[in-house]
Amino acid sequence: MARYNAKESERRWQAEWEARGLFKTPALDSSRSGAAPKCYVLEMFPYPSGRIHMGHTRNYTMGDVIARFRRAQGYNVLHPMGWDAFGLPAENAARDKGVSPRDWTYENIAHMRGQLKMMGLSIDWSREFATCDVAYYHQQQKLFLDFYKAGFVHRQEADVNWDPVDMTVLANEQVIDGRGWRSGAVVERRKLSQWFFRITQFAEELLAGLDTLDRWPEKVRLMQKNWIGKSEGLRFQFTLSNAQKLDVFTTRPDTLFGASFVALSPEHPLAQDLAKKDEKLAAFIAECRHVGTAEADIEKAEKKGYDTGLKAIHPFDESWTLPVMVANFVLMGYGTGAIFGCPAHDQRDLDFARKYALPVTAVVVPEGADPKTFDVGNQAYTGSGRLANSRFLDGMAVDDAKAEVANRLEAAGIGGRTVNYRLRDWLVSRQRPWGCPIPMIHCAKCGVVPVPAEQLPVKLPEKINFAVKGNPLDADTAWKSTTCPSCGGAATRDTDTLDTFVDSSWYFTRFTAPAAADPVDKAAADYWLPVDQYIGGIEHAILHLLYARYITRAMHRLGMVKVAEPFAGLFTQGMVCHETYKDAKGDWVAPDEVVKEAGKAIRIADKAELTVGPSEKMSKSRKNVIAPEAIIADYGADTIRWFMLSDTPPERDIEWTDAGAEGCWRFVQRVWRLASESEGLSPVGAPITAQDAASLDLRRATHKAIAAVTEHLEALRFNSAVAQLYTLANAIAAGETCDGAVRREAIETMVLLSAPMMPHLAEECWQALGHARLVAETPWPKHDPKLTQSDQVVMAVQVNGKRRAEFAVAKNADPKAVEKLALEQEGVIRALGGKTPKKVIVVPNRIVNVVA
RNA sequence: GCGGGCAUGGCGGAACUGGUAGACGCGCUGGAUUUAGGUUCCAGUGAUGCAAGUCGUGGGGGUUCAAAUCCCUCUGCCCGCACCA
């Protein structure tokens with residue numbers, strides 16, 4: 001029997017699917033759409049770096065399995081693909097190689113599209129677009145202006161995060177451990193006038209919305225919740241000794257009588273103001289700035305302060321004053337940038353107070369402790385208890401004291417309850433030339449004026465000159481010179497482009513009508529959204545997924561889309577890893593230069609033995625990368641797809657091994673053998689009449705596989721679905737002598753069930769089995785409940801919790817009869833050793849436990 | 001520091017709402033087939049023991065007729081946030 005020729009077969013079936021247009025998205029008005037439920041399956045679209053890697057392979061295989069599975073189940077499926085095509089790598093390539101970023105990007109897209117097509121993905125390629133297509137960013141500019149008109153966008157001079165390597169500003173979310181998310185460079189602070197999306201306007205909604213996302217990983221919801229960082233507290237005013245007012249924010253108003261100082265952030269306007277007349281303070285502030293930006297090791301940073309000499313008057317006692325300090329640990333970006341310090345109940349305040357010898361008064365003592373002797377030492381007490389040393393609050397519980405203080409300060413007109421968020425507005429200006437131009441014009445007379453709709457799109461220049469300092473768009477005077485739409489005078493374009501995360505925050509909505517004349521075709525968006533299953537890496541838990549939720553909510557508020565949440569189901573897949581090799585010199589060695597012999601890694605070139613390191617995420621720096629195209633060339637796409645789904649649960653990291661890949665390839669051949677060596681099979685559609693035990697066993701295995709694989713795929717347990725298919729293949733091999741119609745049913749079922757995972761092989765087998773219609777056009781099989789539940793069960797018998805025997809009995813047999821049978825089992829009698837059972841527990845159809 | 005997760009054979013992992021631990025795959029051992037190897041097929045594969053059996057899901061304790069699963073506690077690893085008042 002001939003080997004299955006994956007290469008030849010895969011090419012042929014891909015052409016056949018395309019010729020028949022099988023993966024075209026059903027039209028909204030087609031007769032199908034009325035009856036069938038919709039299913040929008042989406043994998044995070046790739047950046048066109050040039051070639052696909054194993055991570056893409058895993059991601060797109062999972063998505064394709066779901067899409068094909070749902071399609072077979074009769075859903076209307078939308079499964080599109082596009083390119084997140086703006087961004088810095090294109091600029092770097094342009095600078096290094098002298099090509100245009102546009103050409104570089106589109107060439108990469110062409111190459112990667114070819115690679116993705118070789119994987120046999122069931123994608124509707126007619127909907128493909130790249131975010132750098134003028135047609136796409138034109139719509140994005142319209143969307144930006146819609147947001148501007150609605151007041152969702154504002155321009156503000158602010159301290160911003162400046163990435164000195166990428167030469168652009170970054171949003172807060174894009175600063176990880178004080179470094180740029182892409183470049184890894186230590187971020188500097190700069191004061192610039194920039195565009196912001198008012199994401200904080202939606203902070204509460206974005207937080208509350210998390211509770212509705214029941215098909216999202218708990219972990220991602222928690223990360224977003226923490227990022228939004230809601231805290232409820234009180235904002236109130238101190239009057240200072242110079243009669244100025246100072247706003248502070250606290251979540252612990254109950255501890256107000258434990259206050260021993262007031263502290264300002266070094267960046268607080270009052271501190272800045274005071275520094276003008278106080279050189280020492282100015283020097284202190286400069287020092288704080290240094291520490292903050294130079295190194296991110298905040299944990300080691302010592303609490304430092306500077307006494308301004310000002311006093312703050314206690315709101316409940318005019319005769320009580322607190323020193324006003326400038327302290328390096330107070331953040332300007334949170335609350336009001338000023339706090340009152342209560343050392344006994346806040347660790348930072350305590351460290352600070354001990355250093356500067358400020359009073360420490362415990363005002364909350366644990367239940368049962370004596371307020372006179374309770375001492376916090378060097379460990380701030382943050383637990384619950386009763387108020388003490390707090391005048392009218394004494395004896396109250398913490399929550400009551402909080403309310404009492406809030407009520408009194410509100411009544412006095414110097415404070416109010418507020419909610420604070422950690423979330424900051426989203427800075428979207430980028431000083432980069434390869435992005436979506438911000439459609440705004442700056443006029444000396446009229447100020448900032450939006451580009452009128454009829455003048456859109458603001459296209460990027462044909463040629464971008466990288467041989468300039470700073471942003472090439474800013475240096476391109478011809479491009480940036482324009483006339484003011486308002487007064488007709490000379491004006492300049494905004495030369496910043498939008499953060500590329502804006503591009504990826506609404507592409508899934510655009511996929512529902514990629515050619516629409518407006519950003520959104522409401523009918524299409526309302527039919528297809530939300531995305532039913534979104535799949536991608538966990539690294540986007542905050543950045544992309546939070547921005548996309550925000551943009552969708554903003555569009556929802558403007559009536560552009562019905563849904564508020566874009567992704568009903570989210571799945572975060574694990575990474576693809578490989579073991580690492582180092583030679584005697586400590587240099588990394590790539591897997592294709594290595595052979596494994598008797599558990600040892602040997603370099604092919606010089607037979608040198610290598611050190612085998614732990615399995616780590618495939619990366620160029622560790623050289624432990626396996627190229628998908630090499631595997632596809634050797635074994636075919638179905639083998640690599642099967643590997644990506646086998647063994648390891650999809651959310652965990654998977655390790656690529658050659659042995660595992662060979663195992664997958666052997667299974668491909670095995671399925672082909674089982675399906676193509678069809679001697680003795682009944683013809684297509686022959687009725688099943690056999691009633692012999694072996695045939696019934698095989699039929700049961702077949703229908704159990706249908707039920708199990710369906711259930712596992714619904715739950716995205718691809719590895720378990722794979723295991724079930726192995727089990728079915730084993731049952732088919734064991735049932736070689738069974739009735740021909742029964743064997744046909746089993747083999748055809750195996751082919752249909754494996755089709756979402758190995759679609760080319762399935763088509764080839766299906767044809768060999770004598771079918772004219774394609775698998776891709778064949779409905780998902782249904783199991784016969786009569787065959788998945790047998791009328792006999794094997795029950796185990798335990799004596800004192802230890803298994804001693806098992807016996808077969810009719811399903812749902814009378815418990816009394818089961819008990820009698822159980823006690824008659826030889827193993828049970830031996831274990832009892834003549835003792836009389838005290839108690840017998842019968843769990844129907846499962847187990848009997850005899851207690852002796 | 002705070003928050004979250006994980007721990008099962010040589011390896012990846014399975015085990016529904018507590019009910020026969022180790023499905024399935026990889027690897028390994030033995031055998032058969034083949035002109036040679038890969039291939040294919042059969043048998044075996046948690047530990048220990050001749051056997052009956054005993055032990056066994058990171059360690060310790062608990063609840064229960066029954067615990068990988070529930071509770072307490074300790075250890076180790078991974079992830080997120082990190083001076084957020």
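Residue numbers begin at 1 in each chain, while the letters A, B, ... track the order of the sequences. Predicted model, so just to flag it, every value in this text is computed and none were measured.
Nearest-nucleotide assignment on RNA chain B puts the 5′-proximal partner with Arg846(A), out of Ala338(A) and Arg846(A). Both Gly337(A) and Val848(A) lie close to RNA chain B; mapped to their nearest nucleotides by heavy-atom distance, the more 5′-ward contact belongs to Val848(A).
Here the side chain of Asn849(A) is nearest to one of G12(B), C24(B), A66(B), namely A66(B). Of the candidates C84(B), G13(B), C65(B), G13(B) carries the atom nearest the Asn719(A) side chain, counting heavy atoms from C-beta on. Among the nucleotides U20(B), G19(B), C83(B), the one closest to any side-chain atom of Val843(A) is G19(B). Each of C41(B), C65(B), G38(B) was ranked by its minimum atom distance to the side chain of Arg673(A); first place goes to C41(B). Listed candidates were A14(B), C65(B), C83(B). Nearest to the side chain of Lys303(A) is C83(B). Closest contact between the side chain of Ser720(A) and the listed nucleotides A14(B), G12(B), U39(B) involves A14(B). The side chain of Asp346(A) approaches A85(B) more closely than any other nucleotide in the set A66(B), A85(B), C24(B). Distances from the side chain of Ala723(A) to the nucleotides C24(B), G38(B), U20(B) place C24(B) closest. When distances are taken from the side chain of Arg652(A) to each of A14(B), G27(B), G19(B), the shortest belongs to A14(B).
Annotation for Asp647(A) and Asn719(A): closest pair O-ND2, 3.5 Å, computed over non-hydrogen atoms.
Per the geometry, NZ belonging to Lys838(A) stands 11 Å off P belonging to A66(B), to the nearest Å. The separation between Glu662(A) atom CD and G25(B) atom P is 17 Å, rounded to whole Å. If you measure from atom CG of Asp653(A) to atom C1' of G5(B), you get 13 Å, rounded to the nearest angstrom. The nearest whole Å value for the distance from the CD1 atom in Ile542(A) to the C1' atom in A82(B) is 12 Å. In this structure, CD of Glu819(A) is placed 13 Å from C1' of C65(B), rounded to the nearest angstrom. In this structure, the CG atom of Asp647(A) is 16 Å from the C1' atom of U8(B), given to the nearest Å. Rounded to an integer number of Å, the gap from Phe238(A) CZ to A85(B) C1' is 12 Å. Atom CG of Leu331(A) and atom C1' of A82(B) are 10 Å apart (whole Å).
At a cut-off of 3.5 Å, with distance as the only test, a side-chain donor of Asn730(A) or Arg670(A) sits close to an acceptor on the other residue. Under the 3.5 Å distance criterion, with hydrogens and angles disregarded, no donor-acceptor pair is assigned to the side chains of Ser231(A) and Asn420(A). When only modelled atom types and interatomic distance are considered, Tyr356(A) and Ser260(A) share no side-chain donor-acceptor pair under 3.5 Å.
To the nearest whole angstrom, the two C1' atoms, one in U73(B) and one in A23(B), are 33 Å apart. Spacing between U54(B) and G44(B) at atom C1', rounded to whole Å, works out to 22 Å. Look at the P atom in both U8(B) and U69(B): the space between them is 13 Å, to the nearest Å. Rounded to a whole angstrom, the distance from the P atom of C11(B) to that of A47(B) is 12 Å. Nucleotides U34(B) and U40(B) place their C1' atoms 9 Å apart, quoted to the nearest Å. Taking atom P on both nucleotides, U39(B) is separated from G30(B) by 15 Å, rounded to a whole Å. Using P as the reference atom, C2(B) and G9(B) are 31 Å apart when rounded to the nearest Å. Comparing G13(B) with U17(B), their C1' atoms are spaced 23 Å from each other, to the whole Å.
At a cut-off of 3.5 angstrom, counting only N and O atoms as typed in the model, there is no donor on one side facing an acceptor on the other between the side-chain of Arg424(A) and the base of C84(B).
Nucleic acid contact class of Ser646(A) (heavy atoms, under 4.0 Å, all strands): none. Within 4.0 Å (heavy atoms only), Asn730(A) reaches sugar-phosphate atoms of the nucleic acid but no base atom. Within the nucleic acid shown, Ile339(A) comes within 4.0 Å of at least one base atom, counting heavy atoms only. Val794(A) comes within contact range of at least one nucleobase, with a heavy-atom separation under 4.0 Å. Residue-level contact check: Val722(A) touches neither bases nor backbone, having no heavy atom under 4.0 Å from any strand.
A sub-4.0 Å separation between OP1 or OP2 of G27(B) and a side-chain N or O of Arg666(A) is present. A sub-4.0 Å separation between OP1 or OP2 of G25(B) and a side-chain N or O of Tyr726(A) is absent.
Salt bridge Glu218(A)/Arg221(A): present, at least one basic N to carboxylate O contact under 4.0 Å. Using a 4.0 Å cut-off between charged side-chain N and carboxylate O, Arg700(A) and Asp697(A) make a salt bridge.
If you look at Phe643(A) and Trp665(A), their ring centroids are not closer than 6.0 Å. For Phe261(A) and Phe340(A), the distance between ring centers is not under 6.0 angstrom.
Classification of G9(B) as syn follows from a glycosidic angle within 90° of 0.
Counting non-hydrogen atoms of other residues, nucleotides and ligands closer than 6.0 Å to NZ of Lys355(A) gives a total above 12. Taking a 6.0 Å sphere around CD of Glu826(A), one finds it holds 12 or fewer heavy atoms contributed by other residues, nucleotides or ligands.
Ring geometry, His314(A) versus Phe257(A): the interplanar angle falls under 30°, so the pair is classed parallel (tilted spans 30 to 60°). In this pair, Phe238(A) and Phe236(A) present their aromatic rings tilted. The plane angle is within the 30 to 60° band. Ring planes of Trp672(A) and Tyr4(A): tilted class, angle from 30 to 60°.
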Nucleotides 50-54 of chain B: which of its N/O atoms have a protein N/O under 3.5 Å away?
from	atom 1	to	atom 2	distance (Å)
U54(B)	OP1	Arg804(A)	NH2	3.1
U54(B)	OP2	Arg804(A)	NH1	3.3

* **Pairing annotation in dot-bracket form, given for RNA chain B with Watson-Crick or G-U pairs under 3.5 Å and | for cross-strand partners** => (((((((..(((......[....)))((((((.......))))))(((....)))..(((((..]....))))))))))))....

